[in-house]
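For reference, the structure is listed below as structure tokens.
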Amino acid sequence: MTVIDWVIVACYLVIIVLIGLAGLKKVKTGRDFAVAGSSLPVGIVTATLAASYIGGSFAIGAAGATFREGYTYFFALLGFPLATIAVGIWVAPRLRRYAAETVGDVMEHHYGVVARVFTGLISMVVCAAILGAQIRALGTILEVFTGIDFTVGAIVLTLIVIVYSTAGGLWSDVRADVIHFAVLAVAIPIAILVAIRSVGTPAEIVASVPPEFFTITGDKPIGFFISLFIGFVFGETLIQPYSQRAFAGANTKTVRKAFIYAGIFGIVFLFTTSSGGILARALDPTIPSDAAMPELINRVIPAGFTGLLVAGFIAIIMSSASSFLNSTTVVVVRDLWTLGGRRKIEDHTRLRFQRVMNLVIGVIALVVGLSFPNIIDILMVYFSTWAPTVIVPLLLGVLFDVRHRLAGPIAMVAGLLSTWLWNGPLGEPFGILGLAVGLVTNLIVFFLVVALTPKTGMAPRGFDIVAPDTAAVETVWDETSGVSDDSDAAGDAAPATATKEG
């Protein structure tokens with residue numbers, strides 16, 4: 001990189017740190033740290049949601065998969081942005097009416113405290129795994145583009161993420177995400193346009209790759225493609241960082257529009273990065289697939305643009321890393337430490353503990369991320385964990401107001417066990433992913449439990465956290481959260497803490 005490239009990257013990182021430090025003054029409560037006061041407008045929610053889910057795997061991973069297999073993986077990966085649009089239409093506006101900060105809050109309302117704790121543990125594992133993957137991606141990007149040692153690069157960039165996420169929680173995350181979103185939305189398309197001019201004409205590019213690269217299933221069996229598509233539809237749907245954005249939107253209309261807009265952007269961005277894999281294949285089919293996008297940029301992008309592109313890739317990964325770090329902290333504090341308000345806590349204590357935990361979790365994730373040999377090993381931890389356990393009861397609860405303290409937890413365990421059995425001892429028969437099997441098992445067991453148990457008396461006891469409208473959400477939160485203002489910790493919080501039962 002040239003001097004100007006280094007200046008661009010350095011300025012970008014300084015801006016991100018300054019945004020984070022501004023959060024020290026803006027964040028006054030634990031709820032500010034978790035959901036930014038539930039007051040974000042549609043533009044910010046769109047930017048932070050898109051920046052959160054477009055991580056290293058969505059950008060670099062999509063290019064590598066397309067380099068190796070063709071547009072098959074683009075069509076399969078479409079499952080995620082399409083799911084985001086569907087969530088925006090049907091699910092996210094309903095979520096916004098819960099007085100909640102975590103998916104565990106919603107799950108306890110429908111299925112009891114056991115479901116909360118199980119969901120909290122699953123969320124913690126999933127968020128920590130994705131955070132570890134982003135940490136490895138940060139080190140890889142800096143090493144490929146600048147020659148800086150992988151470990152040194154990962155440590156420096158992760159420490160920047162820890163600083164601004166710890167200082168301002170979600171407030172800092174979403175504002176940094178707006179910058180991340182702007183950079184990635186400009187830098188990556190520019191890279192692809194420049195690469196097209198350098199690699200050849202469209203006809204020459206098409207002629208230089210296998211023809212099956214431009215079909216929907218490529219050389220894969222249709223069963224494999226369908227299960228892969230289902231995996232991308234449900235694999236990350238409504239995991240904590242994305243649900244958190246629904247809780248943080250100003251109202252239901254804001255949330256609906258933001259999820260739809262972010263999904264549409266994801267389709268366009270995914271096609272752009274996937275096309276980068278095709279261009280890299282046309283340029284040099286001997287490139288390692290995982291390095292397709294970085295190598296394409298290194299070989300065809302002129303000096304002066306490299307700094308912008310490095311900043312773009314850092315933006316992609318840092319946005320996801322900060323989101324998952326914040327979400328891991330919120331889950332640990334809300335679902336596992338206070339058990340959704342059962343542990344009486346004053347707000348200033350909660351905020352202090354959130355910041356301490358954010359710092360500790362960030363350091364632990366850095367160590368774990370550097371310990372795994374590659375990103376795929378980390379991603380496999382979560383890919384077959386979230387959807388088979390949480391997504392079925394969560395959707396049934398939010399969409400149809402199902403409340404059953406046995407069906408939720410039992411179905412979650414059944415989904416997890418069936419996925420492990422299918423992926424492990426059985427070795428994925430017929431090429432079908434265990435995630436799809438776990439989803440079906442979860443659904444079947446859920447309805448079996450409902451059918452075999454009494455029709456009444458199965459709803460979990462406790463406060464109803466669904467507000468009549470978004471204007472009443474904060475009032476319901478004050479009554480049910482178990483978190484009190486410092487001045488009335490002995491008053492309002494005690495009844496909420498004592499009344500909530502599993």
Quick check for you: to the nearest 0.5 Å, what is the distance between Met293 atom CE and Thr66 atom OG1? 9.0 Å
Could you tell me which non-hydrogen atom of Ser274 sits nearest to which non-hydrogen atom of Ala62, and how far apart they are? OG-CB, 4.0 Å
Measuring only between side-chain heavy atoms, which start at C-beta, is Leu416 closer than 4.5 Å to Thr419? no
Out of curiosity, Thr273 OG1 to Ile278 CD1, how far, rounded to the nearest 0.5 Å? 11.5 Å
Test side-chain hydrogen bond (donor to acceptor under 3.5 Å, both in side chains) on Arg245 and Thr48 and set out the steps. CA-CA 8 Å; Arg245 269 66 187 168; Thr48 186; 3.2 Å; yes
Looking at Phe150, I'd like to know if its CZ atom is crowded, meaning that more than 12 non-hydrogen atoms belonging to other residues, nucleotides or ligands lie closer than 6.0 Å. yes
Would you check if Phe214 and Val209 make a side-chain contact, meaning some heavy-atom pair closer than 4.5 Å? yes
Nearest non-hydrogen partners of Gly434 and Glu428, listed with the distance: N-OE2, 4.2 Å
Please set out all donor-acceptor pairs under 3.5 angstrom arising from side-chain atoms of residues 119-133, sequence neighbours excluded.
unit_1: Thr119; atom_1: OG1; unit_2: Ala115; atom_2: O; d: 2.7
unit_1: Ser123; atom_1: OG; unit_2: Thr119; atom_2: O; d: 2.8

Let's go through Phe225 and Phe75 carefully: what are the C-alpha distance in whole Å and the side-chain angles of both, what is the deciding distance for ring-ring contact (aromatic ring centres under 6.0 Å, His included) to 0.1 Å, and is it a yes or a no? CA-CA 9 Å; Phe225 175 81; Phe75 290 114; 7.3 Å; no
Between Leu142 and Ile314, is any pair of side-chain heavy atoms under 4.5 Å apart? yes
Locate the shortest heavy-atom distance separating Ala282 from Ser208; write the atom from each residue and the value. CB-OG, 3.1 Å
Do the ring planes of Phe74 and Tyr71 sit parallel (below 30°), tilted (30 to 60°) or perpendicular (above 60°)? perpendicular
4.5 Å side-chain heavy-atom contact, Met318 and Tyr164: yes
Mind checking whether Ser243 and Phe247 have side chains closer than 4.5 Å, heavy atoms only? yes
For a quick test of your reading: what N or O donor-acceptor pairs under 3.5 Å do the side chains of residues 357-369 make, sequence neighbours left out?
unit_1: Asn358; atom_1: OD1; unit_2: Thr329; atom_2: OG1; d: 2.9
unit_1: Asn358; atom_1: ND2; unit_2: Ser165; atom_2: OG; d: 3.3
unit_1: Asn358; atom_1: ND2; unit_2: Thr166; atom_2: OG1; d: 2.9

Could you work out, with side-chain hydrogen bond (donor to acceptor under 3.5 Å, both in side chains) as the rule, every residue matching Glu143, not counting sequence neighbours? none
Distance-minimising heavy-atom pair for Asp177 and Ser323: OD2-OG, 3.7 Å
Check whether any side-chain heavy atom of Val103 lies under 4.5 Å from a side-chain heavy atom of Trp386, and answer yes or no. yes
Could you go through residues 186-201 and list every donor-acceptor pair under 3.5 Å that involves a side-chain atom there, pairing it with any protein atom two or more places apart or in another chain?
unit_1: Ser198; atom_1: OG; unit_2: Val194; atom_2: O; d: 3.1
unit_1: Thr201; atom_1: OG1; unit_2: Glu204; atom_2: N; d: 3.2
unit_1: Thr201; atom_1: OG1; unit_2: Glu204; atom_2: OE1; d: 3.4

Residues in ring-ring contact (aromatic ring centres under 6.0 Å, His included) with Phe80, at least two apart? Tyr53, Tyr242
Atom pair CE (Met107) and CG (Asp335), whose distance is rounded to the nearest 0.5 Å: 10.5 Å
Pairs meeting criterion salt bridge (Lys or Arg N to Asp or Glu O under 4.0 Å) with involvement of residues 66-85, two or more places apart: Glu69-Lys220
Is there a side-chain contact (heavy atoms from CB on, under 4.5 Å) between Thr72 and Ile216 once you walk through the steps? CA-CA 5 Å; Thr72 296; Ile216 293 178; over 6 Å; no
Any side-chain heavy-atom pair of Val398 and Tyr98 under 4.5 Å: yes
All pairs passing salt bridge (Lys or Arg N to Asp or Glu O under 4.0 Å) where residues 256-269 contributes a residue, at least two apart: none
Start with the C-alpha distance between Tyr73 and Leu228, add both sets of side-chain angles, then the distance that settles side-chain contact (heavy atoms from CB on, under 4.5 Å), and finish with yes or no. CA-CA 9 Å; Tyr73 272 84; Leu228 188 63; 3.6 Å; yes
Exactly one of Leu138, Ile54, Leu157 clears side-chain contact (heavy atoms from CB on, under 4.5 Å) with Ile317, and that residue is Leu138
Heavy-atom side-chain contact between Phe232 and Leu435 under 4.5 Å: no
Applying salt bridge (Lys or Arg N to Asp or Glu O under 4.0 Å), which residue pairs with at least one partner in residues 12-30 are found, sequence neighbours left out? none
side-chain contact (heavy atoms from CB on, under 4.5 Å) between Thr29 and Leu351: does it pass, once the steps are laid out? CA-CA 6 Å; Thr29 68; Leu351 178 58; 5.9 Å; no
Hey, could you give me the CG/CG distance between Leu395 and Leu238, rounded to the nearest 0.5 Å? 6.0 Å
Can you give me the closest heavy-atom contact between Ala167 and Arg355, atom names plus distance? O-NH2, 2.7 Å
Measuring from atom OG1 of Thr470 to atom CZ of Arg96, what distance do you get when rounded to the nearest 0.5 angstrom? 5.5 Å
Determine, stepwise, if the pair Val17 / Leu13 fulfils side-chain contact (heavy atoms from CB on, under 4.5 Å). CA-CA 6 Å; Val17 172; Leu13 294 177; 5.6 Å; no
Pairs satisfying ring-ring contact (aromatic ring centres under 6.0 Å, His included), at least one member in residues 4-52, at least two apart: Tyr12-His180
Tell me which one of Ser322, Pro241, Ser52 satisfies side-chain contact (heavy atoms from CB on, under 4.5 Å) with Asp173. Ser322
Asp105 (side chain) donor-acceptor with Thr102 (main chain) under 3.5 angstrom: yes
Partners of Pro41 by side-chain contact (heavy atoms from CB on, under 4.5 Å), sequence neighbours excluded? Ile44
Using side-chain contact (heavy atoms from CB on, under 4.5 Å) as the criterion, list what pairs up with Trp337, not counting sequence neighbours. Val333, Arg343, Ile345, Phe353
Determine, for Arg350 against Glu346, whether the closest basic-nitrogen to carboxylate-oxygen distance falls under 4.0 angstrom. no
For residues 29-52, which residue pairs qualify under salt bridge (Lys or Arg N to Asp or Glu O under 4.0 Å), counting only residues two or more places apart or in two chains? Arg31-Glu101, Arg31-Glu474
Closest approach of Ile391 to Phe234 (non-hydrogen atoms, all atoms of both residues): CG1-CD2, 4.1 Å
One should read off an interatomic distance between Asn251 CG and Leu40 CG, to the nearest 0.5 angstrom, of 11.0 Å
